[in-house]
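Working notes, structure below.
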Protein chains: 2
Amino acid sequence: MLSNPVTRQSLHPWCHACPLRRKRAFHPKTDAEIAFTAEFKTDHRRIAAGQEIIYPGQADAELFTLFAGWAFRYKVMQDGRRQILNFLLPGDLIGLQASLLAVAQHGVEALTDVEVCVFPRRKIWDAFVRMPQLAYEMAWLGSREENLTDENLLSVGQRSATERIASLVISLYRRAETLDLVTDRSFDFPLSQQQLADALGLSLVHTNKTWAKLRRAGLFTFGNGRLTLENPRLTERIAAYFERDLVERPIL
Amino acid sequence: MLSNPVTRQSLHPWCHACPLRRKRAFHPKTDAEIAFTAEFKTDHRRIAAGQEIIYPGQADAELFTLFAGWAFRYKVMQDGRRQILNFLLPGDLIGLQASLLAVAQHGVEALTDVEVCVFPRRKIWDAFVRMPQLAYEMAWLGSREENLTDENLLSVGQRSATERIASLVISLYRRAETLDLVTDRSFDFPLSQQQLADALGLSLVHTNKTWAKLRRAGLFTFGNGRLTLENPRLTERIAAYFERDLVERPIL
DNA sequence: CGTGTTCTTGATGCCTTTCAAAAAGGGTGG
DNA sequence: CCACCCTTTTTGAAAGGCATCAAGAACACG
């Protein structure tokens with residue numbers, strides 16, 4: 001947490017030269033689409049780690065594209081139990097569900113300091129009318145997110161603690177890879193163990209012990225918020241159990 | 001399983017007089033929308049209980065509206081473990097994710113004998129171009145389904161076996177209610193205990209014991225595939241812990 | 001260098017799984 | 001209508017994975 005409750009800083013939209021869109025993770029866009037997107041986008045904000053991007057129950061959530069940093073979607077119960085639904089990496093859409101359903105059924109929190117592109121919700125309908133290609137891509141990204149959540153539900157419902165941690169690490173590794181965030185098999189891994197636990201449906205203590213066990217087993221090393229996969233062979237063997245994420249995707 | 005591997009029977013589309021659309025669960029539609037939908041719809045099929053509506057990995061899955069009966073989405077692991085992601089009731093869209101992502105990342109199985117309206121996937125794009133209202137409603141239904149899955153993930157990740165069963169029963173009850181499927185606090189409940197277990201991320205044995213415990217506690221009775229909520233007060237107290245499903249929704 | 005947060009580790013208990021097998025239903029053919 | 005077979009539901013017993021409780025160590029920050 002920062003002392004400043006809401007740290008926001010507005011920057012200029014500049015979609016035409018968007019460096020993120022160039023990553024191999026994303027489809028190329030037509031000039032018309034880029035022009036529409038640039039017009040659609042009204043702001044570019046920084047949000048500090050730990051701040052809420054969308055809070056549960058929010059009725060006027062905007063639509064965002066995560067431009068830099070990590071975030072996560074979550075649900076909380078009134079007694080405080082929390083489930084992290086999925087993690088969001090650069091290029092991911094934030095708040096589509098909240099925008100369409102009119103009231104957010106979940107929260108979204110910045111996991112690291114974050115930059116987001118802001119698209120006002122009232123212009124979403126415009127996109128459906130004037131730029132169906134973009135509307136289609138929004139729906140596509142919504143389906144992809146659902147699939148990520150499906151995958152997590154499979155993990156939490158069927159896999160052991162060890163399997164859950166391994167599959168989460170590997171799937172995040174792969175996602176980071178498509179964004180050129182991996183160097184020498186290592187990448188920034190900003191999750192606290194409490195957040196890991198909340199994502200995996202495990203207690204903090206047991207998460208810690210299992211995490212340590214996997215490190216001792218030589219699957220990965222972790223230090224300074226950076227995770228390195230140490231055993232490609234082992235990793236591949238484990239990873240064979242999970243589906244690979246879709247290759248290329250649209251970006252707003 | 002039936003002896004006949006695929007039991008299908010084609011009937012005429014007749015969207016204008018669609019009896020399902022009249023249910024209070026659904027938004028009214030404009031004449032233009034209904035006309036488009038009627039044109040969009042190319043078939044009306046019956047599928048027998050236990051048959052797959054979409055199989056995992058399918059590349060040419062169509063889009064469906066579940067017209068009658070129950071179904072469920074699921075994922076399987078190669079070693080056979082299965083997670084049911086969410087249940088589908090009449091009016092729910094089937095195969096949006098599979099259509100958009102081009103290859104189905106999950107399966108959909110008919111839980112009871114089922115009737116579906118068939119919308120060919122190649123015409124989905126037409127809808128985005130020619131009938132943005134319909135496209136918007138598809139996206140809306142996709143988001144709603146994601147929310148259902150989110151809710152299940154919360155359950156499986158955070159709730160005890162007892163809580164999971166109670167919340168599933170109550171949420172299905174409520175969904176059935178909006179479709180006028182509830183009479184005198186009772187409704188058809190076609191899940192086997194194995195399916196319950198797969199949806200809840202529990203073993204069959206423990207599901208059975210917990211299920212029996214809740215019956216003995218007087219929450220509900222069950223017989224002949226019909227479930228009756230017996231203790232409104234208790235039910236409400238438990239149900240307060242869960243969010244209510246959205247009130248009114250679109251239908252294709 | 002003190003203080004609050006995050007990470008570790010040990011010990012205990014129980015919720016849930018696994019193993020095994022009997023009981024209850026459902027459907028089919030004689 | 002009953003015998004027979006297969007699926008689903010129940011029950012009992014034992015083992016184990018994960019949660020909970022407690023507290024010390026390692027970090028991060030002002």
Side-chain angles (χ1 to χ4, degrees), chain A residues 1-4 7 48-50 77 79-84 109 111-113 155-166 168 188-217 220-227, chain B residues 1-4 7 48-50 77 79-84 109 111-113 155-166 168-169 189-217 220-227:
Chain A
M1 300 285 175
L2 301 192
S3 49
N4 201 336
T7 303
M77 296 169 59
D79 62 9
R81 284 179 281 181
R82 175 176 79 164
Q83 177 66 39
I84 291 182
E109 182 179 319
L111 183 56
T112 65
D113 289 346
S155 256
V156 174
Q158 303 298 326
R159 297 202 243 254
S160 70
T162 309
E163 294 173 310
R164 287 183 222 182
I165 292 187
L168 180 61
D188 283 324
F189 193 88
L191 312 205
S192 72
Q193 297 195 354
Q194 182 61 66
Q195 289 161 338
L196 262 174
D198 289 346
L200 300 170
L202 296 170
S203 70
L204 173 60
V205 173
H206 198 247
T207 299
N208 176 284
K209 286 172 179 168
T210 310
W211 178 261
K213 190 183 88 177
L214 278 174
R215 281 191 300 175
R216 268 185 261 110
F220 58 80
T221 53
F222 177 76
N224 283 102
R226 220 168 152 81
L227 189 150
Chain B
M1 298 289 175
L2 302 191
S3 50
N4 200 335
T7 304
M77 294 170 60
D79 63 9
R81 284 178 282 180
R82 175 175 80 164
Q83 178 65 40
I84 291 183
E109 183 179 320
L111 182 56
T112 64
D113 288 347
S155 256
V156 173
Q158 303 298 326
R159 297 203 243 253
S160 70
T162 308
E163 294 174 310
R164 288 184 222 182
I165 292 187
L168 180 61
V169 165
F189 193 88
L191 311 205
S192 72
Q193 297 195 356
Q194 182 62 65
Q195 289 162 338
L196 262 175
D198 288 346
L200 300 170
L202 296 170
S203 71
L204 173 59
V205 173
H206 198 246
T207 298
N208 176 284
K209 286 174 178 164
T210 309
W211 177 260
K213 190 184 87 177
L214 278 175
R215 280 190 302 175
R216 268 185 260 110
F220 58 81
T221 53
F222 178 77
N224 282 103
R226 226 174 147 75
L227 188 150

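Letters A, B, ... are given to chains in the order of the sequence lines, protein chains preceding strands, and every chain is numbered from 1.
Across all strands shown, B/T210 has no heavy atoms under 4.0 Å from either base or sugar-phosphate atoms. Counting non-hydrogen atoms under 4.0 angstrom, A/G223 reaches nothing in the nucleic acid. Among the heavy atoms of the strands, none lies under 4.0 Å from A/L204. Within the nucleic acid shown, B/S203 comes within 4.0 Å of at least one base atom, counting heavy atoms only. Within 4.0 Å of B/G201, counting heavy atoms only, lie sugar-phosphate atoms of the nucleic acid but no base atom. B/A161 comes within 4.0 angstrom of sugar-phosphate atoms only, judged by non-hydrogen atoms across all strands, and of no base.
Put simply, the side chain of B/K209 and the base of D/dG12 share a donor and an acceptor less than 3.5 Å apart.
Proximity of A/R215 to the phosphate of C/dC7: no side-chain N or O atom is located under 4.0 Å from OP1 or OP2.
Across the interface with DNA chain D, nearest-nucleotide mapping of A/N224 and A/R164 shows A/R164 to be the residue nearer the 5′ end. When the nearest nucleotides of DNA chain C are assigned to A/Q194 and B/H206 by heavy-atom distance, the more 5′-ward of the two goes with A/Q194.
Taking atom CG of residue B/N208 and atom C1' of nucleotide C/dA22, one finds them 13 Å apart after rounding to whole Å. Summarising the geometry, the separation between CZ on B/R159 and P on C/dC15 is reported as 18 Å, rounded to the nearest angstrom. A straight line from CD of A/Q193 to C1' of D/dA26 spans 12 Å, rounded to a whole angstrom. Distance CG (B/L202) to P (C/dC14): 20 Å, rounded to an integer number of Å. Atom pair B/L196:CG and D/dT8:P shows a separation of 13 Å (rounding to whole Å applied). Protein atom CZ of A/F222 is 12 Å distant from nucleotide atom P of D/dC27, rounded to whole Å. When the P atom of D/dT11 is taken as reference, atom CH2 of B/W211 falls 14 Å away, rounded to whole Å. In this structure, CD of A/Q158 is placed 17 Å from P of D/dG17, rounded to the nearest angstrom.
Among all heavy-atom pairs drawn from A/N208 and A/Q193, the shortest one is ND2-OE1, 2.7 Å.
No side-chain donor-acceptor contact under 3.5 Å links B/R159 to the backbone of B/R164. Distance alone, capped at 3.5 Å, places no donor-acceptor pair between the A/Q158 side chain and the B/R81 backbone.
Residues B/D198 and B/Q83 have side chains not in contact (no heavy-atom distance under 4.5 Å, counting atoms from C-beta outward).
The aromatic rings of A/W211 and A/F222 stand perpendicular to each other, their planes meeting at an angle above 60°, with 30° marking the opposite boundary.
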